[in-house]
Amino acid sequence: DLVASMTPSEAARVTPVVCDLSLMKDTIALVDKLVSDGTKIDVLVNNVGILQAKLDITSEGLERTFATNLLNHFILTKGLITNELVSNDGIVIEVASGGMYNQPLKTALMNDTTDSFHGVVAYGQHKRGQVALTDFWRRSAGIGKRLCYVMHPGWTDTQGVQTGMPRFRKILKGVLRTYYQGADTILWLTSQRPSQANNDIIWFDRKARPAHIYAHSRVPEKLVDYLSSFYK
């Protein structure tokens, strides 16, 4: 879809790289390839995410949406920053969701491989985790001058909504945003790179908004230690 929307000269500048971002081994291999190629990245947008109604376990024994939505975002971003592939004045953008607002940060719910798995709850947990992860990157000594943002695109008519929340989509289909509307703030952050008054914010419709509505979502967890424990 991206290439199809471009002019021929623009499309010629696109270099696709295939990676299964639900698998740690593939994500680590991608980082190794980019290191080997000497790739430099000005803008990293962690937008890959899925919402599934049924439990699905990867070949690495992880709940697939957790691995895709959060764990491998962390592995990819850490690998690129550690290996200095993200330019010194580059930026990292996490694409979260308004679905995280009702979710406290609980690592026990992040990788739910039990029969109690609930796709919408898991998705909200992962998106809350992306907010906390962006906070970590902003505070990290290794981030240098790089800017880190987390945004949510509003309720957009994505494939995840279509397959994981069919009743919700049926009720609100008339007001769901298009892909282009959902991506607007991502493009704006990329071009404008606004200052951030504090770490406790999420960007929505080109404005900084509170990242929390309820006090219970502020419960601190050692999220980074938890994520790191999966691939030591």
Q: Answer with yes or no whether the side chains of His73 and Asn46 bring together a donor and an acceptor at under 3.5 Å.
A: no
Q | Greater than 12 external heavy atoms within 6.0 Å of Gln196's CD | A | yes
Q.
Show, in sequence, the C-alpha distance, side-chain angles and deciding distance for Arg146 and Asn88, and conclude whether the side chain to side chain contact (heavy atoms under 4.5 Å, CB included) test is met.
A. CA-CA 6 Å; Arg146 303 174 183 94; Asn88 289 335; 3.5 Å; yes
Q) Considering residues at least two apart in sequence or located in another chain, which fulfil the side-chain contact (heavy atoms from CB on, under 4.5 Å) criterion with Thr114? A) Asp112, Ser116
Q.
Ring-plane angle category for His152 and Tyr101, please: parallel below 30°, perpendicular beyond 60°, tilted otherwise.
A. perpendicular
(Q) Checking Leu23 against Glu60 for the side chain to side chain contact (heavy atoms under 4.5 Å, CB included) test, could you report, in this order, the C-alpha distance in whole Å, the side-chain angles of both residues, the deciding distance, and whether it holds? (A) CA-CA 7 Å; Leu23 296 175; Glu60 296 175 329; 3.9 Å; yes
Q. Are Leu189 and Val43 co-members of a hydrophobic cluster defined by side-chain heavy atoms under 4.5 Å apart?
A. yes
Q: Any chance you could lay out the side chain to side chain contact (heavy atoms under 4.5 Å, CB included) test for Met151 and Val95, step after step, and finish with the verdict?
A: CA-CA 5 Å; Met151 61 78 68; Val95 181; 3.8 Å; yes
Q | CG on Asn111 to CG on Leu71, rounded to 0.5 Å | A | 8.0 Å
Q: Mind telling me whether Tyr231 and Phe74 have parallel, tilted or perpendicular rings, with 30° and 60° as the class edges?
A: perpendicular
Q.
So, taking the atom named NZ in Lys145 and the one named OG in Ser87, what distance separates them when rounded to the nearest 0.5 Å?
A. 13.0 Å
Q. Is the shortest heavy-atom distance from the side chain of Gln103 to the side chain of Lys127 under 4.5 Å?
A. no
Q | His126 versus Leu70, closest heavy-atom pair with distance | A | O-CD1, 3.9 Å
Q) Got Asn69 and Tyr123 here, is their nearest side-chain heavy-atom distance under 4.5 Å? A) yes
Q. Is there a donor-acceptor pair closer than 3.5 Å between any side-chain N or O of Ser140 and the backbone N or O of Phe136?
A. no
Q) Looking at OG1 of Thr134 and CD1 of Ile202, how far apart are the two atoms once the value is rounded to the nearest 0.5 Å? A) 8.0 Å
Q. Is Arg209 close to Ile201 at the side-chain level, that is, under 4.5 Å between some pair of heavy atoms?
A. no
Q) With side chains defined as the heavy atoms from C-beta onward, is the minimum distance between Gln130 and Met100 less than 4.5 Å? A) no
Q) How many angstroms lie between atom CG of Leu55 and atom OG1 of Thr65, to the nearest 0.5 angstrom? A) 8.5 Å
Q.
Looking at every heavy atom in both Ser195 and Trp203, which two are closest together, and how far apart are they?
A. O-CZ2, 3.8 Å
Q: Return yes if some donor-acceptor pair links the side-chain N/O of Glu94 with the main-chain N/O of Leu133 below 3.5 Å, else return no.
A: no
(Q) Within the 4.5 Å heavy-atom criterion, are Gln181 and Asp184 side-chain neighbours or not? (A) no
Q: Following the transitive rule for hydrophobic clusters with a side-chain heavy-atom cut-off under 4.5 Å over Ile, Leu, Val, Met, Phe, Trp and Tyr, establish whether Ile186 and Leu21 coincide in one cluster.
A: no
Q) What is the distance from atom NZ of Lys78 to atom OG of Ser228, rounded to the nearest 0.5 Å? A) 4.5 Å
Q.
Minimum heavy-atom separation for Thr68 and Gly49, please, with both atom names.
A. CG2-CA, 4.4 Å
Q) Are any side-chain N or O atoms of Tyr149 and backbone N or O atoms of Pro194, one a donor and one an acceptor, separated by less than 3.5 Å? A) yes
Q. Does a side chain donor of either Arg206 or Gln192 reach within less than 3.5 Å of an acceptor in the other side chain?
A. no
Q. Are Ile75 and Ile28 side-chain neighbours, meaning at least one heavy-atom pair lies under 4.5 Å?
A. yes
Q: Determine yes or no for a side-chain-to-main-chain donor-acceptor pair under 3.5 angstrom, with Lys54 supplying the side chain and Phe117 the backbone.
A: no
(Q) Measuring only between side-chain heavy atoms, which start at C-beta, is Leu30 closer than 4.5 Å to Asp26? (A) no
**Q.** side-chain contact (heavy atoms from CB on, under 4.5 Å) partners for Leu109, two or more places apart
**A.** Lys106, Gln125
Q.
As an exercise, state the distance from CG of Leu44 to CG of Leu80, rounded to the nearest 0.5 Å.
A. 6.0 Å
Q. Are Tyr226 and Leu62 connected, step by step, through hydrophobic side chains (Ile, Leu, Val, Met, Phe, Trp, Tyr) whose heavy atoms are closer than 4.5 Å?
A. yes
Q) Quick one: do Ile143 and Ile93 end up in the same hydrophobic cluster if we chain Ile, Leu, Val, Met, Phe, Trp and Tyr together by side-chain heavy atoms under 4.5 Å apart? A) no
(Q) Can you give me the closest heavy-atom contact between Val31 and Leu76, atom names plus distance? (A) CG2-CD1, 3.9 Å
Q: Go through Ser22 and Asp20 one step at a time and tell me if the side-chain hydrogen bond (donor to acceptor under 3.5 Å, both in side chains) criterion holds.
A: CA-CA 5 Å; Ser22 72; Asp20 185 344; 2.7 Å; yes
(Q) Between Ile91 and Thr190, does the side chain to side chain contact (heavy atoms under 4.5 Å, CB included) criterion hold? Intermediate values first, please. (A) CA-CA 8 Å; Ile91 67 173; Thr190 299; 4.2 Å; yes
Q.
Tell me whether Val92 shares a hydrophobic cluster with Val17, the cluster being built from Ile, Leu, Val, Met, Phe, Trp, Tyr side chains joined at under 4.5 Å.
A. yes
(Q) Please give me the minimum heavy-atom distance between Arg128 and Leu105, naming the atom from each residue. (A) CG-CD1, 3.8 Å
(Q) For Lys33, is the NZ atom crowded, meaning more than 12 foreign heavy atoms sit under 6.0 Å from it? (A) no
Q: Locate the shortest heavy-atom distance separating Gly61 from Thr113; write the atom from each residue and the value.
A: O-CG2, 4.3 Å
Q.
Do Trp137 and Ile81 make a side-chain contact, defined as non-hydrogen atoms from C-beta onward lying under 4.5 Å apart?
A. yes
